[in-house]
Amino acid sequence: MGSKQNSQGNIPRKPLSIFLIIGLCCFSYIMGAWPRSGFGKGDGIALEIGKQTDCNIISNLDFEPHHKVVKISEPSLPKAKVFKPCDIRYTDYTPCQEQDRAMKFPRENMIYRERHCPPEKEKLQCLVPAPKGYMTPFPWPKGRDYVHYANVPYKSLTVEKAVQNWVQFKGDVFKFPGGGTMFPQGADAYIDELASVIPIADGTVRTALDTGCGVASWGAYLLKRNVLAMSFAPRDNHEAQVQFALERGVPAVIGVLGSIRLPYPSRAFDMAQCSRCLIPWTSNNGLYLMEVDRVLRPGGYWILSGPPINWKTYYKTWQRSKKDLQAEQRQIEKLAELLCWEKKYEKGDIAIWRKKVNAKSCQRNSVNVCKSKDVDDVWYKKMDTCITPFPEVTSKDEVAGGKLKKFPARLFAVPPQIAKGSVEGITAESYQEDNKLWKKRLITYKMINRLIGTTRYRNVMDMNAGLGGFAAALESQKSWVMNVVPTIAKNTLGVVYERGLIGIYHDWCEGFSTYPRTYDLIHASGVFSLYQNKCQLEYILLEMDRILRPEGTVILRDEVDVMNKVKKIAGGMRWNTKLMDHEDGPLVPEKILVAVKQYWVGSSGNGTSRDE
C-alpha cells in the first residue's frame with residue numbers, strides 16, 4: 001500500500017502544464033504594468049489632453065475652421081426646391097399694399113391704404129424679377145441726386161410735380177434737385193429756417209419723422225446734418241414716391257396715418273413734420289395729431305408747412321374759403337394746447353410747436369388719457385382718441401422718460417429705458433457687453449466682406465435688431481440701418497431710438513412695407529430660430545430676396561441645424577451661399593451664412609436674363 005502511494009506522488013509534471021503556468025504569470029505581469037507603460041493609445045490620448053489647455057484639440061469635426069465652408073451633416077437630404085421667377089408684372093410687387101386687394105377695403109380713414117396682406121394660399125412662391133436694364137444705384141452722396149431710369153421707370157411725378165422741383169428726367173436718369181411742394185427753392189434753405197428755431201446743428205435732434213414724405217428730399221438733406229429721418233407715404237397715385245426715396249439711399253417705408261397705430265414706439269422722434277402732407281389733422285377729434293404726439297419725444301418739435309398755415313396768401317390756390325381755413329387753424333391750435341405743445345414759431349408757410357418736457361410743466365384741464373398699460377403695443381392696433389400720458393417725473397425740470405445725451409455721445413451712452421430697468425433682463429452692464437459683442441462681430445463681417453462699411457452697402461437692414469448693437473457698430477455717414485424688432489421678440493425698439501437710431505416693428509411671417517430691391521445688405525441674427533415654428537422659413541427667405549437688390553448681400557447667424565435648413569432653401573433661390581464657423585471657432589453651435597444674390601432680370605414670357 002505504502003509503496004503504491006509513493007510511486008504516484010513522485011510522478012513528474014508534464015511540460016505543457018509548466019508552460020501554461022509560466023504564460024499566465026507573464027500575462028498578469030504585463031497587464032499590471034500597462035497603465036504605467038506609456039505605450040497604449042489610451043494613455044497617449046490621456047497624456048495629450050493633460051498637456052493641452054486649448055479647446056481646439058478636436059480638430060477633425062465635420063467643419064473647417066477660420067470661416068471656411070461647413071459641410072451639411074445630412075448628405076441624404078433631397079435636392080433643394082428650385083424657385084422660378086415670378087411673371088414680369090410682379091416687378092414692383094408689394095405683398096401687403098397691392099392695389100387690387102386694397103380696393104376691397106373701405107376708403108374711410110384711408111383704411112384701404114393700410115397693410116392688407118395675402119392669406120397663406122395666395123402668397124407668391126417665386127422670385128420677384130428686376131426690370132430689364134436694372135443697374136446698381138449710384139453710390140452715396142451722388143445717389144441722393146440721381147437715380148437710374150431703368151430701376152424705377154415711372155415719369156408721372158416729373159410732370160405732375162414739375163413746378164415744385166421734386167424730380168426731373170434727363171436722358172436715362174432722374175435728377176432730384178432737392179425741391180418739395182413747400183420748399184421749391186430747395187430743402188437746404190427750408191432746413192436752415194427750421195434750424196433757426198430747432199437745435200438741429202448740435203446733436204440735440206437726431207431722429208425725425210416725415211409724414212407723407214413724397215420723394216423724401218427733406219430726409220435726404222437732413223442726413224448731411226447727422227439727422228436720421230423715418231419717411232413714409234402710401235402707395236397711391238403718386239407712383240413710386242417711396243421707391244424713389246429708397247433708390248436715392250434715404251430711409252423710407254410705405255405707410256399711412258389711417259386707422260391703425262404707427263409701427264413705432266412711444267417717444268421715438270425728436271422732431272416730426274408735415275410738409276403739405278394733406279393729413280386731415282382736425283378730423284376724428286384730433287386722432288392723427290394724438291398719434292404724432294404719442295411718438296414725439298417730450299421736448300420734441302412738430303413742424304407744419306402747408307394748409308392751413310399762411311391761409312391768407314394761399315386760400316385761392318387751395319380753392320378753399322378763408323373762413324374754413326381759419327377755423328381749421330384755430331382747431332389745430334386748440335389740439336396742440338390740449339397735447340401740451342407750445343407754439344414757438346410762425347412765419348410765412350411754416351409753423352413750429354414744441355412738446356412740453358413733462359406733465360408738471362403743462363397746465364391743462366382734464367383730458368381723455370389712454371388707459372392701455374403698454375403704449376408700445378401697436379402692431380395692428382386701432383388708434384384711439386386719447387392722449388398718451390407722460391412718464392412720471394419728480395420735478396418740473398425733469399424730462400419725462402429720461403434726458404438723452406446729444407448725438408453722437410447718445411449712441412453708446414446707457415439709454416434711459418435700460419438705466420431705469422424698464423427692459424426686462426437688460427442691465428447697464430449687459431448693454432455694454434452687447435456693444436462689445438457687436439463691435440467684435442462687425443470686425444468678423446468686414447474680414448469676410450471688405451466692402452461692408454463702404455458706400456457699396458448704403459441701405460442696410462437688421463431683421464432682428466435687439467438693442468441696436470449691429471447698427472451702432474456700423475454707424476457712419478456712408479450707410480443707414482433699418483432696425484427691425486420682430487413683434488414676437490422682446491420689445492427693444494424704444495432703446496434703439498434712444499440711441500439715436502431708427503427702426504420699425506414687423507412680423508416676418510408677412511411682407512415688409514417696402515418695394516422690391518430696396519436694400520443692399522440684410523443682416524439677421526436668430527431670426528429663423530425665432531420663427532421656425534411660426535411660419536414657413538421659405539416665405540421669410542423669399543421676402544428677403546424680394547427686398548434685396550441684385551448682387552446684394554445677406555449675412556445670417558443662427559444655430560447650425562437651422563442654418564442647414566436655410567442653406568438648403570437658399571440653394572434654389574439664385575443665391576451664392578457659404579456657411580461658415582462662428583468667429584470663436586468650430587465648436588460653437590451658432591454658424592454664419594453669407595449669401596450674394598445673383599444678377600438677373602425679368603423678360604417677357606416668364607423668362608429671365610442674367611446679362612441684360
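Being a predicted model, the structure only gives us computed values, none of them experimental.
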Do the side chains of [X] and [Y] get close enough for a salt bridge, i.e. N-O under 4.0 angstrom?
X    : Y    : answer
D520 : R458 : no
R115 : E510 : yes
D188 : K224 : yes

ask   = Taking the six-membered ring of F174, is NZ or CZ of K155 closer than 6.0 Å to its centre and within 45° of its axis?
value =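 No, cation not above the ring by the 6.0 Å, 45° rule.
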ask   = Looking at Y301, does the NZ or CZ of K344 lie under 6.0 angstrom from its six-membered ring centre and within 45 degrees of the ring axis?
value =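 Judged by the rule (NZ or CZ under 6.0 Å from the ring centre, within 45° of its axis), K344 is not positioned above Y301.
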Residues 261-269 side chain polar contacts: donor-acceptor under 3.5 Å, at least two apart:
from : atom 1 : to   : atom 2 : distance (Å)
R261 : NH1    : E291 : OE1    : 2.8
S266 : OG     : R294 : NH1    : 3.4
S266 : OG     : V375 : O      : 3.3
S266 : OG     : D376 : OD1    : 3.2

query = Looking only at heavy atoms, what is the nearest atom pair of I111 and H116, with distance?
reply =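 Minimum heavy-atom separation between I111 and H116: O-NE2, 2.7 Å.
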key: Shortest non-hydrogen contact between Y190 and M182, atoms and distance   =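 Result for this residue pair: CD1-O, 4.4 Å.
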query = Are the two sulfur (SG) atoms of C86 and C126 closer than 2.5 Å?
reply =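 A disulfide is present here, as the SG pair of C86 and C126 is separated by less than 2.5 Å.
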request  = Could I get the full list of salt bridge (charged side-chain N to carboxylate O under 4.0 Å, His left out) partners for K405, not counting sequence neighbours?
outcome  =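 Checked K405 against salt bridge (charged side-chain N to carboxylate O under 4.0 Å, His left out); zero matches.
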query = Out of R225, K406, R410, which residue meets the salt bridge (charged side-chain N to carboxylate O under 4.0 Å, His left out) rule with D202?
reply =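 The option that passes is K406.
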ask   = Near K490 NZ, under 6.0 Å, is it more than 12 heavy atoms from other residues, nucleotides or ligands?
value =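 Yes, because the 6.0 Å sphere around NZ of K490 holds more than 12 heavy atoms from other groups.
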